[in-house]
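As the structure lists them, so they are numbered: ligands from 1, and atoms in each ligand from 1.
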Amino acid sequence: VRVSIYGAGQAGSAVAALLRQRDQVVVEGPFGRAERERALTSGAQVVVIATTSFLQDIADDIRTAITSGSNVLTTAEQAAHPWTTDPTLAGELDLLAREHGVTVLGAGLNPGLAFDALVLTVAGASGAVAPLRVERTVDLSGFGAAVLRRIGVGHTPEAFAAGVADGTITGHIGFPQSMHLVAAALGVEIERIDREIAPAIEAGETVGFEQRYVAIAGGAPWFTAIFSGHTDPARPTHDAIHVASDPPIDLRISPGLNAQKGSAAVLANSVARVAAAPAGWLTVADLPPAVPS
Ligand SMILES: NC(=O)c1ccc[n+]([C@@H]2O[C@H](COP(=O)([O-])OP(=O)(O)OC[C@H]3O[C@@H](n4cnc5c(N)ncnc54)[C@H](OP(=O)(O)O)[C@@H]3O)[C@@H](O)[C@H]2O)c1
């Protein structure tokens, strides 16, 4: 498989390094902005786009890769379920992918596994659709400076509040995408998603945050997702999934899934499933699990 990687930041570089360890993969890149054309138009079997979180920002890159005949795998959180963000754009790119016989997939550790694919797998042991609660406590210390600032670390409490209000501070991106992806797979209709974010402050500066999103279905909380991020590598991390079925199901992963290495692995392990998938814009719910090979 020939893979071209656009985005020479942390994720693109880590995926390239992992894939280079595999004999069956030829890796081109990671390429930065200056080499956009080379990254996207080579006709590689899979183009990995690891640049931003936002669908609108990568739409042109996806179009270019699709029309060059490449399958697309992207880290952009909004791409995990693009219909949540912009159904018109998602529909347009889905159609374009089908016309060119290629696949588009948004994946990573989260979205892509922790708040969605893994939740669906665990829910498979439940006889009926049941309320879900998912928690992640994540060590953020391995993220680069740009990502940390954007998610909310390193601000005064006032700047944090202002950034949340104007949308420049986001916390973890991808809750609604994961929730809609899971809901679509289980046939649940989400009525609304309630959201809150609170900073963790030490010595007058934000060192993390807690986000809580609650998807309401049938007039009641159905899917609660909590993301607690901190920058102290000594603090314990964990992942937990609770399905309020009969009997209830509790999965606990300790230490928690590693944000950087886990994402790079899911992405590297997704290359084969994207290359083999049917045409169109798919989600991780449409595909077999990503496994190392
Ligand atoms: N789904 C998941 O689980 C998952 C996992 C990992 C990452 N992500 C997301 O994927 C994105 C990349 O992550 P990262 O950790 O690699 O971030 P990063 O270390 O900040 O790297 C991003 C790279 O992309 C470049 N870039 C940013 N915007 C661009 C654009 N519009 N066009 C072309 N290049 C652009 C940046 O270049 P400049 O420095 O020139 O801006 C930088 O080299 C982030 O938005 C992150 O949130 C998601």
Side-chain angles (χ1 to χ4, degrees), residues 4-19 29-41 47-65 72-82 84-85 104-119 134 136 138-154 167-181 209 211 225 227 229 239 256-271 274 282-285 287 290:
S4 174
I5 298 177
Y6 185 44
Q10 193 174 72
S13 305
V15 174
L18 260 186
L19 288 174
F31 299 109
R33 292 174 194 265
E35 292 184 285
R36 179 185 181 277
E37 291 305 301
R38 191 172 166 204
L40 300 177
T41 63
V47 167
V48 177
I49 299 177
T51 53
T52 84
S53 301
F54 307 107
L55 186 61
Q56 192 65 51
D57 292 347
I58 57 164
D60 266 344
D61 299 335
I62 293 176
R63 267 188 214 102
T64 303
V72 177
L73 171 61
T74 176
T75 60
E77 287 88 341
Q78 289 187 342
H81 191 269
T84 299
T85 308
V104 182
L105 178 74
L109 187 73
N110 193 24
L113 187 76
F115 276 176
D116 39 61
L118 195 55
V119 177
V134 186
R136 301 199 71 208
V138 179
D139 173 11
L140 304 172
S141 64
F143 282 111
V147 170
L148 282 177
R149 297 282 298 168
R150 193 258 291 154
I151 61 180
V153 172
T168 53
I169 291 178
T170 60
H172 166 71
I173 295 176
F175 286 94
Q177 287 73 20
S178 291
M179 288 172 155
H180 280 286
L181 195 162
F209 53 86
Q211 270 170 299
F227 184 110
D239 282 84
L257 299 162
N258 182 279
Q260 291 84 33
K261 288 188 174 169
S263 274
V266 172
L267 289 156
N269 297 339
S270 292
V271 163
V274 166
L282 305 183
T283 77
V284 290
L287 293 177

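Residue contact annotation: Y6 has a non-hydrogen atom under 4.0 Å from ligand 1. The shortest heavy-atom distance from P111 to ligand 1 is under 4.0 Å. Taking 4.0 Å as the cut-off, R150 counts as a neighbour of ligand 1 on heavy-atom distance.
With contacts defined as side-chain heavy-atom distances shorter than 4.5 Å, the pair L55/Q177 does not qualify. Using a 4.5 Å heavy-atom threshold, the side chains of I173 and F54 count as touching. Two residues are said to be in side-chain contact when any heavy atoms from C-beta on lie closer than 4.5 Å; Q260 and F143 meet this criterion. Between Y6 and I58, the closest side-chain pair of non-hydrogen atoms is not below 4.5 Å. With contacts defined as side-chain heavy-atom distances shorter than 4.5 Å, the pair V15/V271 does not qualify. Counting heavy atoms from C-beta outward, M179 and P111 have side chains that stay 4.5 Å or more apart. For the pair R36 and T51, the minimum side-chain heavy-atom distance is 4.5 Å or more.
Looking at atom 6 (C) of ligand 1, its nearest protein heavy atom turns out to be S263 OG, 3.9 Å. In terms of protein heavy-atom proximity, atom 45 (O) of ligand 1 is closest to S53 OG, 2.7 Å. Given atom 31 (N) of ligand 1, the protein heavy atom at minimum distance is T52 CG2, 3.5 Å. Nearest protein neighbour of atom 43 (O) of ligand 1, counting heavy atoms only, is G9 N, 3.6 Å.
Between the choices I173, L267, T75, the shortest heavy-atom distance to atom 10 (O) of ligand 1 belongs to T75. Among Q10, R33, Q177, the residue whose heavy atom sits closest to atom 40 (O) of ligand 1 is R33. For atom 9 (C) of ligand 1, the nearest non-hydrogen atom from the set E77, R36, Q56, Q78 belongs to E77. Residue T51 holds the heavy atom nearest to atom 34 (N) of ligand 1 of all those in T51, I49, V147.
Here A11 has heavy atoms under 4.0 Å from ligand 1 in both its backbone and its side chain.
Near A107, the atoms of ligand 1 lying under 4.0 angstrom from a non-hydrogen atom of the residue are 1 (N). Applying the 4.0 Å criterion to heavy atoms of N110 picks out, from ligand 1, the atoms 1 (N), 2 (C), 3 (O). Within the listing of ligand 1, atoms 1 (N), 2 (C), 3 (O) sit less than 4.0 angstrom from a heavy atom of G108.
Residues T84 and Q78 have side chains that never bring a donor and an acceptor to within less than 3.5 angstrom of each other.
Polar contact check, L109 against ligand 1: a nitrogen or oxygen pair lies under 3.5 Å apart.
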Legend entry - Steps toward side-chain contact (heavy atoms from CB on, under 4.5 Å) verdict (V284, L113): CA-CA 8 Å; V284 290; L113 187 76; over 6 Å; no
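Here the shortest heavy-atom pairing between S178 and D116 reads OG-OD2, 2.6 Å.
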